[in-house]
Amino acid sequence: QVQLVESGGGSVQAGGSLRLSCEVSGRTLANYVMGWFRQVPGQEREFVAGISRNGDSTYYADSVKGRFTISKDNAKNTVYLQMNSLKPEDTAVYYCAADRRLYVNYARALYDYWGQGTQVTVSS
């Protein structure tokens, strides 16, 4: 059984930075495509960023391109989301997810495992 535990959320002012971490246990991280999603109450959970199994390819939602960076450390079984130049509209619960398929997918339904989420609040 794969378990994902996010950390690093919190409150920050607009323009600030946060780094989210997602520690994976139960399986080797190198066997999974990893994604970060976010959800605001009353809205659909949306794709934020994804990274390939070997970490060579990354993908981002247009809303975060140039501000967020996804990375992974397979040796530490951990995925990161560095968030810079944060905006109030980035406020959401952020989730990491693991997918056994070979390629990064944007659709949340294709991900097999999810963390519990971590709250990010950006004030203006």
Side-chain angles (χ1 to χ4, degrees):
Q1 183 70 15
V2 178
Q3 293 186 324
L4 288 69
V5 179
E6 301 99 335
S7 61
S11 297
V12 65
Q13 289 192 328
S17 299
L18 285 173
R19 188 176 82 153
L20 305 183
S21 299
C22 173
E23 185 173 356
V24 179
S25 61
R27 291 290 187 274
T28 301
L29 181 60
N31 292 337
Y32 294 91
V33 162
M34 298 298 296
W36 284 97
F37 289 74
R38 65 186 182 187
Q39 188 170 22
V40 174
Q43 297 185 18
E44 294 285 327
R45 191 171 298 186
E46 64 174 4
F47 175 85
V48 175
I51 189 165
S52 61
R53 289 185 173 194
N54 61 9
D56 286 353
S57 298
T58 57
Y59 304 84
Y60 299 93
D62 288 343
S63 58
V64 306
K65 277 181 184 176
R67 301 187 298 122
F68 290 12
T69 303
I70 187 171
S71 62
K72 66 187 315 195
D73 186 334
N74 285 340
K76 294 183 178 180
N77 257 25
T78 301
V79 182
Y80 305 97
L81 185 67
Q82 177 67 44
M83 306 186 294
N84 298 329
S85 302
L86 282 161
K87 304 175 181 180
E89 50 264 44
D90 294 318
T91 296
V93 177
Y94 283 72
Y95 299 87
C96 71
D99 181 0
R100 292 171 293 183
R101 293 169 179 81
L102 295 178
Y103 304 107
V104 175
N105 290 289
Y106 291 71
R108 63 182 175 87
L110 297 179
Y111 285 76
D112 303 294
Y113 304 102
W114 292 84
Q116 82 289 350
T118 185
Q119 176 71 46
V120 170
T121 302
V122 184
S123 58
S124 57

Please determine whether residues [X] and [Y] belong to a single hydrophobic cluster, defined as Ile, Leu, Val, Met, Phe, Trp and Tyr linked transitively by side-chain heavy-atom distances below 4.5 Å.
| X | Y | result |
| --- | --- | --- |
| Ile51 | Leu81 | yes |
| Met83 | Tyr60 | yes |
| Tyr94 | Leu18 | yes |
| Val120 | Trp36 | yes |
| Val33 | Tyr59 | yes |

>> Using the rule side chain to side chain contact (heavy atoms under 4.5 Å, CB included), only one of Asn31, Leu29, Val79 pairs with Asn74; which is it?
In response: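 Of the listed options, the one satisfying the test is Leu29.
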What distance separates [X] [atom1] from [Y] [atom2], expressed to the nearest 0.5 Å?
| X | Y | atom1 | atom2 | result |
| --- | --- | --- | --- | --- |
| Ile70 | Ser57 | CD1 | OG | 11.5 Å |
| Thr58 | Phe68 | OG1 | CZ | 14.0 Å |
| Leu110 | Tyr103 | CG | OH | 14.5 Å |

>> Run the ring-ring contact (aromatic ring centres under 6.0 Å, His included) test against Tyr106 and tell me which residues pass, sequence neighbours left out.
In response: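 If we apply the ring-ring contact (aromatic ring centres under 6.0 Å, His included) test to Tyr106, skipping adjacent residues, the hits are Phe47.
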> Going by the disulfide (SG to SG under 2.5 Å) test, which pairs reach into residues 9-104, not counting sequence neighbours?
Replying inline: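 For residues 9-104: Cys22-Cys96.
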> Under the disulfide (SG to SG under 2.5 Å) rule, what pairs show up with a residue in residues 30-62, not counting sequence neighbours?
Replying inline: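 Passing the test, one end in residues 30-62: no pairs.
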Would you mind listing every salt bridge (Lys or Arg N to Asp or Glu O under 4.0 Å) that reaches into [range], with sequence neighbours excluded?
| range | value |
| --- | --- |
| residues 72-84 | none |
| residues 51-60 | none |
| residues 107-119 | Glu44-Arg108, Arg100-Asp112 |
| residues 4-32 | none |

State which residues pass side chain to side chain donor-acceptor pair (under 3.5 Å) with [X]; sequence neighbours excluded, sorted by chain then number.
| X | value |
| --- | --- |
| Gln39 | Arg45 |
| Asn77 | none |
| Ser52 | Asn54 |

Of all heavy-atom pairs between [X] and [Y], which one has the smallest distance, and what is that distance?
| X | Y | value |
| --- | --- | --- |
| Asp99 | Arg101 | OD1-N, 2.9 Å |
| Tyr111 | Gly35 | CE2-N, 3.8 Å |
| Ser21 | Thr78 | CB-CG2, 4.2 Å |

Would you be so kind as to tabulate the donor-acceptor pairs closer than 3.5 Å made by side chains of residues 84-93, with sequence neighbours excluded?
from, atom 1, to, atom 2, distance (Å)
Asn84, OD1, Ser17, OG, 2.9
Asn84, OD1, Gln82, NE2, 2.9
Asp90, OD1, Arg38, NH1, 2.9
Asp90, OD1, Arg67, NH2, 3.0
Asp90, OD2, Arg67, NH1, 2.7
Asp90, OD2, Arg67, NH2, 3.4
Asp90, OD2, Lys87, N, 2.8
Thr91, OG1, Pro88, O, 2.9
Thr91, OG1, Val122, N, 2.9
Thr91, OG1, Val122, O, 3.4

>> Once side-chain contact (heavy atoms from CB on, under 4.5 Å) is applied, do any residues pair with Ala98, and if so which ones, sequence neighbours excluded?
In response: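 Checked Ala98 against side-chain contact (heavy atoms from CB on, under 4.5 Å); matches are Leu4, Tyr32, Met34, Tyr113.
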> Parallel under 30°, tilted from 30 to 60°, perpendicular over 60°: which one fits the rings of Trp114 and Tyr95?
Replying inline: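 Perpendicular: the ring planes of Trp114 and Tyr95 meet at over 60°.
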